[in-house]
Amino acid sequence: MNPLLQVAGIGKEYRKGSQSFHAVSGVDFSIARGETFGLIGESGSGKSTIGKMITGLEHPTSGSLLYDGTPLWTDNKFNRLKPGEMQIVFQDPQSSLDPRMRVQSIIMEPLQALPAAERKAKGTTEKLHALITRVGLKVEHLNRFPHEFSGGQRQRIAIARALITDPAFVVLDEPTSALDVSVQAHVLNLLQELKRERNLTYLFISHNMSVIRYMCDRMAVMQKGRIVETGTVADIFNNPKDAYTQTLLSSLPSLHAKKVDNECSTEQSLEKSASKSS
Amino acid sequence: MLLEIKELTVEFTSMQDKIKALKNVSISINQGEIVGIVGESGSGKSVTALTILGLLEKNASIPAGSITYKGRNILTLDKKELQALRGKEIGMVFQEPMTALHPTMRIGDQLAEVIHRHRRISYREAYQQAVISLAEVQINDPELVARKYPFELSGGMRQRVVIALAMSAPPDLLIADEPTTALDVTIQHEILKLMQDLAAKRGTSIMLITHDLGVVAEVCQRVVVMYAGEVVETGTTEEVLHRPNHPYTKALIGALPDLAVPGQALSAIPGESPDLRNRPRGCVFASRCADSLPICVEESPVLEQAYNGVHTHQVACWRREAE
Ligand SMILES: Nc1ncnc2c1ncn2[C@@H]1O[C@H](COP(=O)(O)OP(=O)(O)O)[C@@H](O)[C@H]1O
Ligand SMILES: Nc1ncnc2c1ncn2[C@@H]1O[C@H](COP(=O)(O)OP(=O)(O)O)[C@@H](O)[C@H]1O
Ligand code: SF4
Ligand SMILES: [Mg+2]
Ligand SMILES: [Mg+2]
């Protein structure tokens, strides 16, 4: 079966005057329909940039992206194949929700991109009420403003907003990184349930390895704009091949950790070895 | 006992409201010990740290409790005495290193100035000491880094500098409030290791405040679990994390994806933290607890020994295991 999303050799170069910086270089992976694919790496490794290139927010400067067999970009133009087919949820619900808009308008906004008939069909009061209650909020919340909600509730609003168009593919960019553990648990459970109910495919971006292990089927490990290792979550966690993946895994503070060991390479030696290898 | 907090209550007045941020908090730290203070946001971790340091905001009051440091009640010290204590006896490291650094002063000068102040040595000697202290926090090429400004360093390097600053006196107690929360996991690992090494080498005690149970497991000998401004469970890390007794601690561990089986739902805690303006009469966790008893909503349980036949630590719960 063809993958739903195929990422082939994509890169993103940012230029500023005479300087150029490769935020993403030569990245390949593919995601099958119904899969949750994890993208892990430290801050600045290029994860969000990839999420943005997939959802049309940034154009790739090299490589190609195929969604269901069709290119997402022709030159610098994003081809909206089927509006609302792909959605993205960001880390910080505080800044991704317009503070001046009521929850109802926030959730309905993505429907603007849809043809009139579809917009009408998907934006019925009945559907809206079903969706807001499905993500764990109440109908009376629709009239309020984002600041009246806790971080976890705001992320539920962001999820409802992403789902209003009935997408097939959702990019989740650090969706629980700003949340407390007990709130994160609710949101992760909700995301799992919604995926099953709606046959969603996820690209799950996170710097948290425990979250990736728990949520994903396959994953890629990123370092400085490149993928250093791709595989099933079980393979990578049980048998990491790449040295950087190994460092990352050995740094993970675990609940059943032994005390910190002394053999791990230092930040500085890592920086050195990375600059040598690139 | 180096530090002993006893039945501490801290309140804030804001508009018409009285927010009881800490209620009956008791925590002790022995010489050379690393004690973790863990809890979710709003549980009172930072307020605990700021109270010890005498840095609470003006709208705070301390209606009850004592904090004894080396036999002296810190809460009765005046401004000057507190200032002398901070930095010299008690070092501090916060989440955001830039808050502790002077943005337009070179690293070496910042360190030298503090060392010069604490140790009655010449500035030149203090600067040499500053370079040595940068080497001690495992900064390669300390002479070069000493000539740099904070903005020229990465977040991890800045936090190393802040640790060097905090340890320069050197203090007997280091209070570190989420020192690695803003850092990447590989760098967090190194900073934790560094703090652990320094503490071991110099016999410094550390109060390590974190929201991350994994961090506690990695470096702390003992742990204090806080919920809504109260200590709900405390004991050795091994005891509390492997044989949690309080329903909140159990639920918190169950909510972590770390040990969860993919495909199975995480055990999420229902409801929300109580309103600190209007604390419940009984157990602070009662409204979310699956095991609550009639007495739980009537009377709050106090921190007492729990005993499962072999092991023992302290739990504030009417259902605690006891003989
Ligand atoms: N608009 C931009 N202009 C220049 N550099 C950028 C821009 N957006 C991101 N970057 C850089 O690209 C790199 C990758 O960023 P990002 O994809 O956000 O990483 P991650 O999500 O893994 O933390 C970073 O070094 C970042 O500073
Ligand atoms: N100056 C203040 N005025 C009013 N409330 C405060 C003040 N400082 C802290 N609080 C409240 O005290 C509670 C505990 O806060 P804090 O100790 O910062 O929690 P954390 O465990 O996240 O560090 C929170 O509900 C917070 O809003
Ligand atoms: S005292 Fe009661 S309500 Fe509180 S944690 Fe224990 S069993 Fe639950
Ligand atoms: Mg990002
Ligand atoms: Mg805090």
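Just so we're on the same page: letters track the sequence lines, and every chain starts at 1. This is a predicted model, so every value here is computed, not measured.
Counting heavy atoms from C-beta outward, B:T237 and B:V216 have side chains that approach closer than 4.5 Å. Residues B:L134 and B:V161 meet the side-chain proximity criterion, which asks for heavy atoms closer than 4.5 Å. In this structure the side chain of B:V240 never reaches within 4.5 angstrom of the side chain of B:T234, judged on heavy atoms.
At a 4.5 Å heavy-atom cutoff, the contact between A:L248 and chain B is made by backbone and side-chain atoms alike. Interface residue A:M209: only side-chain heavy atoms are found under 4.5 Å from chain B.
Residue with the most contacts toward chain B among A:L188, A:D180, A:N208: A:D180 (heavy-atom pairs, distance under 4.5 Å). Counting heavy-atom pairs closer than 4.5 Å to chain A, the top-ranked of the candidates B:E238, B:H211, B:E40 is B:E40. Chain A forms more heavy-atom pairs under 4.5 Å with one residue of B:A255, B:P262, B:P257, B:S41 than with any other, namely B:P257.
Contact check on A:E197 versus A:R134 returns a salt bridge, with a Lys/Arg side-chain nitrogen under 4.0 Å from an Asp/Glu carboxylate oxygen.
A ring-centre distance under 6.0 Å is not found for B:H246 and B:Y227.
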